[in-house]
Amino acid sequence: MTSEPAFKSEFLRLMQTRGYVHQITHPAELDAACLAGPIVAYIGFDATASSLHVGHMIQIMMLKRLQQAGHKPVVLMGGGTTKVGDPTDKDSQRPLLTDAQIQENIDSIQAVFRRFLVFGDGPSDAVMVNNAEWLDRFGYVQFLRDYGVHFTINRMLSFDSVKNRLDREQPMTFLEFNYMLMQSVDFLELERRYGCVLQMGGSDQWGNIVNGVELIRRVDAKPAFGLTTPLLSTASGQKMGKSVGGAVWLNADMRSPYDYWQFWRNTEDADVGRFMRLFTDLPLEEIARLEGLEGAQINEAKKVLANAATTLLHGEAAAQAAEAAAVAAFEQGQLSTDLPSFEIPRADLDAGVVLAALAVDAGLATSRGEARRLAQGGGLRVNDKAETDANRTLDASDLVDGVVKLSAGKKKIVLVRPV
RNA sequence: GGGGGAAUGUCCCGAGUGGCAAAGGGGGCGGACUGUAAAUCCGCUGGCGUACGCCUUCGUAGGUUCGAGUCCUACUUCCCCCA
């Protein structure tokens, strides 16, 4: 924990007051460096899925803050490191992705950054790099000679990412064991290419980051710093990032803007202020006022949070549409065309569809059995009426204003639309 | 190299006498209460079938048995002791 409140540089002050800072390697030195002129900093993202999720938002926002303070952000795509797989926080090894899958993921992830950062060649313009550029080129022996000498097994074994795996009696392969070196080499490479002096990341990355800092200081005798964010959990102690229906992806084709808006709207009372500081550009005074709202009024603050966060990612129009749909659905009990929808061939509907099967197809349940159980528990609704028999057949007579409103629980709603 | 122990519902932890779809937690999902919050209480939590039911699950592969998570053999990984 860093307790020194008196940062002089705009960047660190911003980071501190908005709640991004957990640990910093050399706080005073870094502060001085930020004050002296624009610095270059990076955060790495692995390409394990075709989209990033809300759990990555804090990192993306940090890069944005960095740019806001006049510094240069580097987005590092882990094309090379993903081939090895970061063992941090994992119980066992994940299946290895193919080069083609990784490249596909990278292509699909990239777009999100353009919404948050300005890319270009200027001094504070963001740059995107793929560490496959250098990691892929190393020969094994060369890699060992150049970098292996700077790492001791004794030290590596002491890092949490390794220790956890050993403590849990789970195997850790030599491949994964090397991840740490590769991440350190990334930092060094970025230092050489761009003069990058700072690596940021989640608190679980501390070990990996510190290694890179030490490598640079040792090999190139240059200053290097690390900064980590607190582990984000909700006020009631849950890991942040999941919501009704699984991971909250950032790509619109994987999670609709409406769902994204809902995710923020469902924030716990106690988290509203913290999340507004971290995930929106709202001024601090405004946030202080909003988070001070009492009782049910804090719901207004949640809407502000949802609007601001959704606007950053999906744009203002999408945010407004999401809000309108939510207000209509939750506050007025009406339908809105902006609610998520599912299309079904008209002929199928005319022939009759089993409710359980439809619920599965529409994504409200993962199996018919689950849909049936959901119905028995009173959680499945057709046009707002609880339907306990999931075996009943729906047909055209169930259409209301041209759609069937299907809901699982109070928050998952899908409009079934015949086409 | 020798000896002893461990791996369980593929989210996690964890009980399990040869008859087990397998105790109990946590988590997740639903319901009630509220404010689309938290806390609390209740229900559900392998797949398929309307259903007596069928199928797939206890590290991997074989075997004994009417029947195996439970017994035997080999293998894999991990832990402990001796060398």
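Reminder, nothing fancy here: chain letters follow the sequence lines and each chain counts from 1.
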Trainee: Reckon A:Lys410 has a side-chain N or O less than 4.0 Å from the OP1 or OP2 of B:rA32?
Mentor: yes
Trainee: Kindly state each residue pair satisfying side-chain hydrogen bond (donor to acceptor under 3.5 Å, both in side chains) with at least one member in residues 360-373 of chain A, sequence neighbours excluded.
Mentor: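 Only A:Thr366-A:Glu370, A:Arg372-A:Asn391 qualify under side-chain hydrogen bond (donor to acceptor under 3.5 Å, both in side chains).
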Trainee: Could you let me know what B:rC78 is paired to, Watson-Crick or G-U wobble, both distances under 3.5 Å, or none if it's on its own?
Mentor: B:rG5
Trainee: Does OP1 or OP2 of B:rC48 have a side-chain N or O of A:Ser367 closer than 4.0 Å?
Mentor: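 For B:rC48, OP1/OP2 do have a side-chain N/O of A:Ser367 under 4.0 Å.
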Trainee: Please check the phosphate of B:rG49 (OP1 and OP2 only) for any side-chain N or O of A:Arg372 closer than 4.0 Å.
Mentor: yes
Trainee: List for me each residue that meets side-chain hydrogen bond (donor to acceptor under 3.5 Å, both in side chains) alongside A:Asn130, sequence neighbours excluded, and say none if there are none.
Mentor: none
Trainee: On RNA chain B, check which nucleotide each of A:Gly295 and A:Gly379 is closest to and give me the residue with the more 5' one.
Mentor: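 The 5'-side residue here is A:Gly379.
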Trainee: In whole angstrom, give the distance that lies between atom CZ of A:Arg381 and atom C1' of B:rG30.
Mentor: 9 Å
Trainee: Ignoring hydrogens and angles, does a donor from either the side chain of A:Glu331 or the base of B:rU36 sit under 3.5 Å from an acceptor on the other?
Mentor: no
Trainee: Measure from NZ or CZ of A:Arg217 to the centre of the six-membered ring of A:Phe225 and say whether it is under 6.0 Å with the direction within 45° of the ring axis.
Mentor: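 Output yes; distance and angle both within limits.
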Trainee: Which nucleotide, if any, forms a Watson-Crick or G-U wobble pair with B:rA51, using both distances under 3.5 Å?
Mentor: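 For B:rA51, the partner nucleotide comes out as none, under the 3.5 Å rule.
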Trainee: Looking only at atom P, what distance separates B:rC42 and B:rU77, rounded to whole Å?
Mentor: 46 Å
Trainee: Could you state the CD-C1' distance from A:Gln376 to B:rG31, rounded to the nearest angstrom?
Mentor: 14 Å
Trainee: Does the side chain of A:Lys303 get closer than 4.0 angstrom to OP1 or OP2 of B:rA37 through an N or O atom?
Mentor: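 So the side-chain polar atoms of A:Lys303 never come under 4.0 Å of the phosphate oxygens OP1 or OP2 of B:rA37.
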Trainee: Say you pick atom C1' in B:rG16 and the same atom in B:rA21; how far apart are they, in whole Å?
Mentor: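 B:rG16 and B:rA21 have their C1' atoms separated by 14 Å.
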Trainee: For the P atoms, the ones on B:rG69 and on B:rC78, what distance do you get once it is rounded to whole angstrom?
Mentor: 27 Å
Trainee: Across all strands shown, which nucleotide pairs with B:rC71 by Watson-Crick or G-U wobble geometry, both distances under 3.5 Å?
Mentor: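 Its partner is B:rG63 (Watson-Crick or G-U wobble, both distances under 3.5 Å).
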Trainee: Using the glycosidic torsion, which applies to B:rC20: syn (within 90° of 0) or anti (everything else)?
Mentor: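 Base orientation: syn.
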Trainee: For B:rG27 and B:rC75, measure between their C1' atoms and round to the nearest Å.
Mentor: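 Taking atom C1' in both B:rG27 and B:rC75, they lie 34 Å apart.
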Trainee: Looking at B:rU40, which nucleotide sits across from it as a Watson-Crick or G-U wobble partner, both distances under 3.5 angstrom, or is there none?
Mentor: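 Answer to the pairing question: B:rA32, which forms a Watson-Crick or G-U pair with B:rU40.
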Trainee: Take A:Arg65 and A:Gln68 through the side-chain hydrogen bond (donor to acceptor under 3.5 Å, both in side chains) test and state the conclusion after the steps.
Mentor: CA-CA 5 Å; A:Arg65 302 281 183 235; A:Gln68 283 171 344; 3.3 Å; yes
Trainee: Which nucleotide wins on minimum distance to the side chain of A:Trp261, given the candidates B:rU36, B:rC29, B:rG35?
Mentor: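 The listed nucleotide nearest to A:Trp261's side chain is B:rU36.
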Trainee: Return the minimal non-hydrogen interatomic distance between A:Gln205 and A:Gln183, and the atom names on each side.
Mentor: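 Shortest heavy-atom separation between A:Gln205 and A:Gln183 comes out as OE1-NE2, 3.1 Å.
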Trainee: So A:Ala329, base contact, sugar-phosphate only, or nothing? Heavy-atom distance under 4.0 Å.
Mentor: nothing
Trainee: What integer number of Å spans the P atoms of B:rU17 and B:rU70?
Mentor: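 12 Å, rounded to whole Å.
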Trainee: Just compare B:rG49, B:rA37, B:rU36 and give me whichever is closest to any side-chain atom of A:Arg265.
Mentor: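 Given the options B:rG49, B:rA37, B:rU36, the side chain of A:Arg265 is closest to B:rU36.
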Trainee: Counting only side-chain heavy atoms from C-beta out, which of B:rU50, B:rG49, B:rA37 sits nearest to A:Lys302?
Mentor: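 For the A:Lys302 side chain, the nearest candidate turns out to be B:rA37.
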Trainee: In terms of the nearest nucleotide of RNA chain B, which residue is placed more toward the 5' end: A:Gly369 or A:Ile298?
Mentor: A:Ile298
Trainee: Please report the distance, rounded to the nearest Å, between CZ in A:Arg373 and P in B:rG43.
Mentor: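 In whole Å, B:rG43 P lies 16 Å from A:Arg373 CZ.
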Trainee: Of the candidate nucleotides B:rU50, B:rG35, B:rU36, which contains the atom at the shortest distance from the side chain of A:Asn391?
Mentor: B:rU50
Trainee: Quantified in whole Å, what is the P atom distance between nucleotide B:rU10 and nucleotide B:rG24?
Mentor: 15 Å
Trainee: Rounding to a whole Å, what distance do you find between A:Tyr258:OH and B:rU36:P?
Mentor: 13 Å
Trainee: Using a 4.0 Å heavy-atom cut-off across all strands, classify A:Leu380 as base, sugar-phosphate, or nothing.
Mentor: nothing
Trainee: Given atom CD of A:Glu370 and atom P of B:rU45, what is their separation to the nearest angstrom?
Mentor: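 Whole-Å distance recorded here is 11 Å.
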Trainee: Rounding to the closest angstrom, what is the interatomic distance between B:rA6 and B:rC71 at atom P?
Mentor: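 Nearest-Å result for B:rA6 against B:rC71 at atom P: 10 Å.
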Trainee: Minimum heavy-atom separation for A:Gly202 and A:Gln59, please, with both atom names.
Mentor: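 Nearest pair, atom of A:Gly202 first, then A:Gln59: N-NE2, 3.6 Å.
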Trainee: In terms of side-chain heavy atoms, does A:Asn307 have a donor or acceptor partner in A:Trp264 at a distance below 3.5 Å?
Mentor: no
Trainee: What's the separation between atom CZ in A:Arg392 and atom CD in A:Glu387, rounded to the nearest 0.5 Å?
Mentor: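 So the CZ of A:Arg392 and the CD of A:Glu387 are separated by 4.5 Å.
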Trainee: Could you tell me how far apart A:Glu294 (CD) and B:rA38 (C1') are, to the nearest whole angstrom?
Mentor: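 Rounded to whole Å, this separation is 15 Å.
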Trainee: Between B:rA37 atom P and A:Glu300 atom CD, what is the distance in whole Å?
Mentor: 15 Å
Trainee: Write down the distance separating the P atoms in B:rG59 and B:rC52, rounded off to the nearest Å.
Mentor: 30 Å
Trainee: Whole Å only: how far is the NZ atom of A:Lys412 from the C1' atom of B:rU36?
Mentor: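 To the nearest whole Å, that distance equals 14 Å.
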